[in-house]
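Computed from a prediction, not measured in an experiment: that's the story for all the values here.
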Amino acid sequence: MNDTRFDPSQADGRWQKAWDEAQCFRADSASDKPKSYVLEMFPYPSGRIHIGHVRNYTMGDVLARYKKMRGHEVLHPMGWDAFGMPAENAAMEKGVHPGKWTRENIESMKAQLKRLGFALDWSRELATCEPDYYGHEQALFVDLFEAGLVYRKESEVNWDPVDQTVLANEQVIDGKGWRSGAEIEKRKLSQWFLKITDFAPDLLDGLASLDKWPDKVRLMQENWIGRSQGLQFAFDLSTGEKLEVYSTRPDTIYGASFVAVAPDHPVARAYAEGDEGAAEFIAECKRGGTTAATVETATKLGYLTGVKARHPLIADHDLPVFIANFVLMDYGTGAVMGVPGHDQRDFEFAKKYHLPILRVIGASAADADRPLGSGAEPGEGILVNSGPLDGLDVETAKGKVIRRAEADGWGEGKTVWRLRDWGVSRQRYWGTPIPFIHCDSCGIVPVPKDQLPVVLPEDVDFKTPGNPLERHPTWKNVACPQCGAQARRETDTLDTFVDSSWYFLRFASQPADKPFDRHEVAKWLPVEQYIGGIEHAILHLLYARFWTRALARLGQIDFTEPFASLFTQGMVTHETYFRREPDSGRVVYFAPDEVERSGQSAVLKEDGFPVTVGRVVKMSKSKRNVVDPDTIIAQYGADAVRWFMLSDSPPERDLPWSESGIEGCARFVQRVWRLVAEHDPQASGEDADLARKTARIVHDVAETIEALHFNKAVARLYELVSAIEKAKPSADRTSAIEALFPLVAPMMPHLAEEAWQAIGGEGLIAETAWPEIDESLLEDESVTIAVQHKGKLRDTLTAPAGASKDVLEEMALASEKVQRSLDGAPIRKIIVVPDRLVNIVT
RNA sequence: GCGGGUGUGGCGGAAUGGUAGACGCCGGGGACUUAAAAUCCCCUGUCCUCCGGACGUGUGGGUUCGAGUCCCACCACCCGCACCA
């Protein structure tokens with residue numbers, strides 16, 4: 001151990017092997033230590049680990065290793081979210097089977113993760129694409145069906161009329177199919193749904209208990225679930241039918257000037273039968289994709305029908321009925337009343353179709369005749385021009401209208417949720433087969449559990465677009481489990497969000513004959529700390545919460561919230577380098593290793609001419625601003641890469657990758673290593689300042705790791721290393737060095753092991769306890785007091801901690817700098833904050 | 001369009017309403033060396049009449065003895081929007 005440099009290229013692998021052999025990171029559910037379940041969102045096996053994964057898993061790893069040092073039994077597993085579209089795309093493009101492609105990707109990504117030295121329990125590894133995972137998922141799906149939480153209904157998909165296939169939203173670009181270029185249209189298919197709306201109140205109420213989740217995520221989920229209270233009421237139509245509408249602003253009912261229905265509303269369809277223009281308009285609305293962003297950013301269009309709606313409160317007053325492209329069939333009743341004065345969308349619609357814009361709310365009664373100018377006024381106020389409601393505030397008016405409607409029998413107060421049921425059908429091959437059989441006489445029959453798993457057939461082709469299961473020659477054909485007659489398998493597969501809705505249970509317990517063992521699961525769950533990207537703030541996390549609640553309702557588990565604490569980390573970003581081609585104006589991007597960077601500018605290595613240094617954005621293949629984890633591990637070692645992932649940027653914010661930054665980290669690894677040579681067990685003498693600093697930093701690093709403020713832990717460790725370097729040899733300095741290595745062990749585990757061994761530490765540092773400190777060393781003896789005058793800093797004083805206000809005031813006035821600033825002005829007031837500051841007001 | 005977030009030196013950032021810029025990167029100067037690498041030391045927000053002072057946390061207002069932090073309005077960028085994962 002006399003080498004002056006730490007060599008990761010030989011040390012990393014050696015310690016990774018040592019951990020493997022000692023099986024340090026195997027989670028023992030029989031242990032009587034307190035248990036910690038640390039989980040990072042499992043990756044999609046795209047082929048290579050992305051630097052974003054490295055950041056995510058490094059954070060989890062630091063926490064897992066730290067918890068272990070704190071005496072916890074830690075479960076820190078890893079697996080693969082292995083179903084999904086990219087495998088099918090690879091099959092189409094390269095002719096490789098999705099299973100082969102996926103399994104090879106898993107192998108290479110696993111090797112990459114191992115090179116980073118993560119403290120993972122690989123004995124629990126799982127891949128959702130294997131029958132021993134998805135078979136259990138099928139069993140759970142059947143359980144949910146039997147509990148009445150699964151049903152079928154029609155719903156819209158993106159239909160590519162040329163490829164004759166269903167497209168995902170991301171495959172629709174500017175309303176056109178990504179391969180065919182054909183105009184996409186909305187088409188209705190009969191599909192499988194999970195009744196997440198059954199749990200809407202529960203999912204909403206449960207958010208309150210998630211006090212270790214970021215507020216922003218809870219808020220996003222709250223808005224997504226979208227509880228609203230309003231009035232559902234019926235208009236009498238001139239056709240003799242009734243039209244149910246829902247409004248959250250029944251107080252504005254006197255301001256209604258039109259009614260609008262969704263293009264696929266029965267009233268619209270019925271009317272279109274006798275009106276060609278309406279039929280054409282409805283057909284027009286079918287064009288384009290199904291996403292909310294597309295629908296809502298489209299120009300608001302309406303078609304005036306000849307139908308009239310009788311206003312329920314204004315005698316003999318009729319409103320025109322429109323078919324409108326912005327009204328959604330699956331929210332509320334698929335029909336709305338339009339109040340242009342107090343809703344911006346209605347306002348724009350009214351302008352376009354020359355409808356009356358009435359004011360029914362003003363700042364006061366005097367506003368009754370003030371016209372609405374440039375836009376709607378959606379806020380609070382006092383009712384005007386509203387007959388019996390005049391003078392009431394918004395809330396009171398809402399209540400009055402609802403009571404009136406209920407008394408007169410034309411409507412009732414109703415709670416409506418924005419959340420829709422979860423459509424889980426996918427018309428694709430590479431997913432969990434939905435375990436149902438269609439029988440002409442028995443209807444829809446679940447596959448009996450003893451016949452699960454329904455295994456995906458291997459012999460499929462991807463030469464033509466569409467679902468290979470649909471055109472497989474034999475797989476579909478099966479006998480009905482009930483009557484034995486010839487029947488057909490369901491060919492839809494499950495949304496991959498289903499796979500990720502219960503994998504955290506399977507990690508905790510992996511029996512062969514059932515999805516999980518409830519007693520084993522109870523030992524580990526809920527997950528103590530879940531870490532992943534903010535992009536999953538709504539869908540994945542909501543679906544996992546729902547699935548957990550559904551299993552609790554079925555009596556399979558005893559808790560309803562899967563993740564006690566959630567952390568959402570930021571992205572890893574990098575500068576972009578590009579040139580604009582002079583002829584076409586096309587932008588050509590260059591990879592970081594093709595570019596020589598200096599100061600503000602950069603040149604292309606190949607030709608020596610400059611390239612433009614573009615914005616710092618999320619690493620992506622299209623911008624070519626990616627760095628490959630393997631390359632940088634080979635160059636700098638796993639510890640430097642891990643250290644970089646934790647340094648500087650707060651973990652919830654974006655982290656800009658930089659060459660100079662990683663070099664600084666690699667230098668720091670060596671700096672820590674050099675302290676091994678400084679470790680002198682024979683050194684004697686005290687260094688009270690260093691001892692106090694060491695205790696303080698041991699304490700702060702623990703605190704900041706627990707709060708996941710890794711950047712602050714890193715800053716404190718830099719300080720400790722500097723302090724040790726500057727200190728003269730002493731017993732306290734030797735102790736500081738002995739404390740330092742365990743402190744950095746969660747972050748730089750390879751170096752820490754090597755150093756620990758070199759200074760004669762016992763066993764593996766991964767299994768060592770966190771350093772103990774003398775709590776009395778945390779008390780400060782003196783403090784720095786700021787003295788302000790006119791709100792500005794004039795001087796700083798050193799005072800004993802806990803000095804009285806009078807003493808501090810006296811010290812402040814004694815300061816020459818303060819007197820100069822005061823310049824004899826009369827003192828009006830002195831504010832003293834003990835241990836902090838004195839502010840003199842003149 | 002709707003929902004959520006972020007904004008502080010050249011860069012990443014730190015700061016229970018109480019000393020703005022901790023810590024790191026970059027840059028500058030110096031030491032060591034035949035030289036380089038490595039390492040170590042010092043400086044490093046802007047401006048000015050520079051042993052002192054003024055200004056300064058996206059923009060414009062406000063509350064306060066005191067605002068990066070609280071309130072109002074705005075701007076820019078990022079994430080999500082139900083079939084990407």
Side-chain angles (χ1 to χ4, degrees), chain A residues 4-5 41 43-44 46 81 83-86 157-158 166-172 196 214-217 219-224 226 289-298 300 326 330 344-345 418-428 495-497 500 533-540 542-543 568 570-571 573 599-600 615-618 647-650 652-656 658-665 667-668 670-671 674 711-712 714-719 722 725 784-796 820 828-831 833 836-842:
Chain A
T4 52
R5 291 187 65 78
M41 292 179 185
Y44 178 79
S46 57
D81 189 12
F83 274 137
M85 283 202 314
V157 294
N158 302 308
V166 177
L167 297 184
N169 285 334
E170 72 158 7
Q171 298 173 322
V172 180
I196 190 172
D215 288 341
K216 61 178 172 186
V217 175
L219 194 55
M220 280 190 259
Q221 292 214 353
E222 186 181 324
N223 291 335
W224 186 262
T290 57
T291 74
T294 310
V295 172
E296 286 170 35
T297 51
K300 313 285 177 283
F326 59 85
D330 40 14
Q344 189 59 29
R345 192 170 59 185
R418 204 188 77 101
L419 182 68
R420 307 200 299 257
D421 274 337
W422 177 11
V424 293
S425 277
R426 297 293 180 269
Q427 292 71 40
R428 277 188 263 285
D495 179 4
T496 55
F497 275 128
S500 53
I534 184 69
E535 66 273 20
H536 294 293
I538 296 175
L539 293 180
H540 161 58
L542 193 64
Y543 292 148
T568 56
M571 299 178 299
T573 58
Q600 308 282 355
R615 293 196 311 146
V616 178
V617 298
K618 179 178 181 170
S647 303
D648 297 351
S649 284
E652 69 277 10
R653 289 244 279 269
D654 291 351
L655 171 68
S658 78
E659 196 73 11
S660 52
I662 183 69
E663 278 166 12
C665 293
R667 274 200 298 275
F668 183 70
Q670 299 300 336
R671 236 175 109 190
R674 281 194 297 274
N711 58 320
K712 294 184 205 170
V714 162
R716 300 298 275 147
L717 287 166
Y718 275 119
E719 274 185 65
S722 293
E725 284 169 343
T784 307
I785 304 289
V787 185
Q788 295 180 339
H789 170 226
K790 292 186 192 158
K792 293 222 157 42
L793 181 72
R794 302 299 167 179
D795 198 5
T796 55
R820 204 182 320 152
R828 285 199 305 159
K829 195 172 168 187
I830 298 181
I831 293 150
V833 181
R836 280 282 179 181
L837 67 73
V838 179
N839 188 2
I840 303 164
V841 186
T842 55

When the [atom1] atoms of [N] and [M] are considered, how many whole Å apart are they?
N     : M     : atom1 : value
B:C25 : B:U59 : P     : 29 Å
B:A22 : B:G45 : P     : 8 Å
B:G58 : B:A54 : P     : 22 Å
B:U44 : B:C11 : C1'   : 14 Å
B:G60 : B:G10 : C1'   : 27 Å
B:U8  : B:A67 : C1'   : 14 Å
B:C70 : B:A15 : P     : 14 Å
B:C71 : B:C47 : C1'   : 32 Å

Heavy-atom check, side chain of A:Gln670 versus side chain of A:Arg674, under 4.5 Å: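 The answer is yes, as the side chains (C-beta and beyond) meet within the 4.5 Å cut-off.
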
A:Gln788 side chain near A:Leu837 side chain, heavy-atom distance below 4.5 Å: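 Yes, close enough: below the 4.5 Å cut-off.
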
Syn/anti state for B:G9 [syn: chi within 90° of 0]: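 In terms of base orientation relative to the sugar, B:G9 is syn.
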
Rounding to a whole Å, what distance do you find between [X]:[atom1] and [N]:[atom2]?
X        : N     : atom1 : atom2 : answer
A:Asp654 : B:G5  : CG    : C1'   : 11 Å
A:Lys829 : B:U64 : NZ    : P     : 11 Å
A:Leu837 : B:A20 : CG    : P     : 10 Å
A:Leu167 : B:A82 : CG    : C1'   : 17 Å
A:Asp795 : B:G53 : CG    : P     : 10 Å
A:Asn169 : B:C81 : CG    : P     : 8 Å
A:Ile831 : B:G17 : CD1   : P     : 17 Å

What heavy-atom pair brings [X] and [Y] nearest, and what distance separates the two atoms?
X        : Y        : value
A:Trp422 : A:Ile196 : N-CG2, 3.7 Å
A:Asn711 : A:Ser647 : CB-C, 4.3 Å
A:Gly84  : A:Tyr44  : O-OH, 3.9 Å
A:Ser722 : A:Arg671 : OG-NH2, 3.1 Å

Check every atom of [options] against the side chain of [X] and return the nucleotide holding the closest atom.
X        : options             : answer
A:Met220 : B:A85, B:G3, B:G80  : B:G3
A:Glu725 : B:A85, B:G4, B:C40  : B:C40
A:Ala292 : B:G24, B:G4, B:C81  : B:C81
A:Ile538 : B:C79, B:A85, B:G80 : B:G80
A:Gln788 : B:A82, B:U19, B:A85 : B:U19
A:Glu296 : B:G18, B:G1, B:C25  : B:G1
A:Trp224 : B:G80, B:A82, B:G53 : B:A82
A:Tyr718 : B:G24, B:U19, B:C65 : B:G24
A:Thr297 : B:A82, B:G1, B:C79  : B:G1
A:Arg671 : B:G53, B:C40, B:C83 : B:C40

Looking for any heavy atom pair under 4.0 Å, which part of the strands does [X] touch: base, sugar-phosphate only, or nothing?
X        : result
A:Val157 : base
A:His540 : nothing
A:Asn839 : base
A:Ala293 : base
A:Ser46  : nothing
A:Arg674 : sugar-phosphate
A:Phe668 : nothing
A:Gly423 : sugar-phosphate
A:Pro650 : sugar-phosphate
A:Lys300 : nothing
A:Ser425 : base
A:Leu419 : base
A:Leu219 : sugar-phosphate
A:Ser649 : sugar-phosphate

Base-pairing mate for B:U39 - Watson-Crick or G-U, with both contacts under 3.5 Å: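 Check on B:U39: paired to B:A31, both distances under 3.5 Å.
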
Pairing partner (Watson-Crick or G-U wobble, both distances under 3.5 angstrom) of B:A82: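 Across any shown strand, B:A82 pairs with none.
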
A:Asp648 (side chain) and B:G12 (base): donor-acceptor pair under 3.5 Å: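 Yes.
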
N/O donor-acceptor pair, side chain A:Glu663 with base B:C25, under 3.5 angstrom: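 No pair found.
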
Separation of A:Arg420 CZ from A:Trp224 CH2 (nearest 0.5 Å):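 Between atom CH2 of A:Trp224 and atom CZ of A:Arg420 there are 7.0 Å.
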
Nearest-0.5 Å distance that lies between atom CZ in A:Arg418 and atom CD in A:Glu222: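 Taking CZ in A:Arg418 and CD in A:Glu222, the distance rounds to 12.0 Å.
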
Within the structure, does a side-chain N or O atom of [X] lie under 4.0 Å from either OP1 or OP2 of [N]?
X        : N     : result
A:Lys216 : B:G80 : no
A:Asn711 : B:G13 : no
A:Thr796 : B:U19 : no
A:Arg418 : B:C81 : no
A:Arg420 : B:A82 : no
A:Lys792 : B:U19 : no
A:Arg667 : B:C26 : yes
A:Arg653 : B:G13 : yes

Derivation and outcome, side chain to side chain donor-acceptor pair (under 3.5 Å), residues A:Asn158 and A:Thr290: CA-CA 6 Å; A:Asn158 302 308; A:Thr290 57; 3.2 Å; yes

Whether A:Phe497 and A:His540 hold their rings parallel, tilted or perpendicular, with breakpoints at 30° and 60°: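 The arrangement is parallel - the two ring planes meet at less than 30°.
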
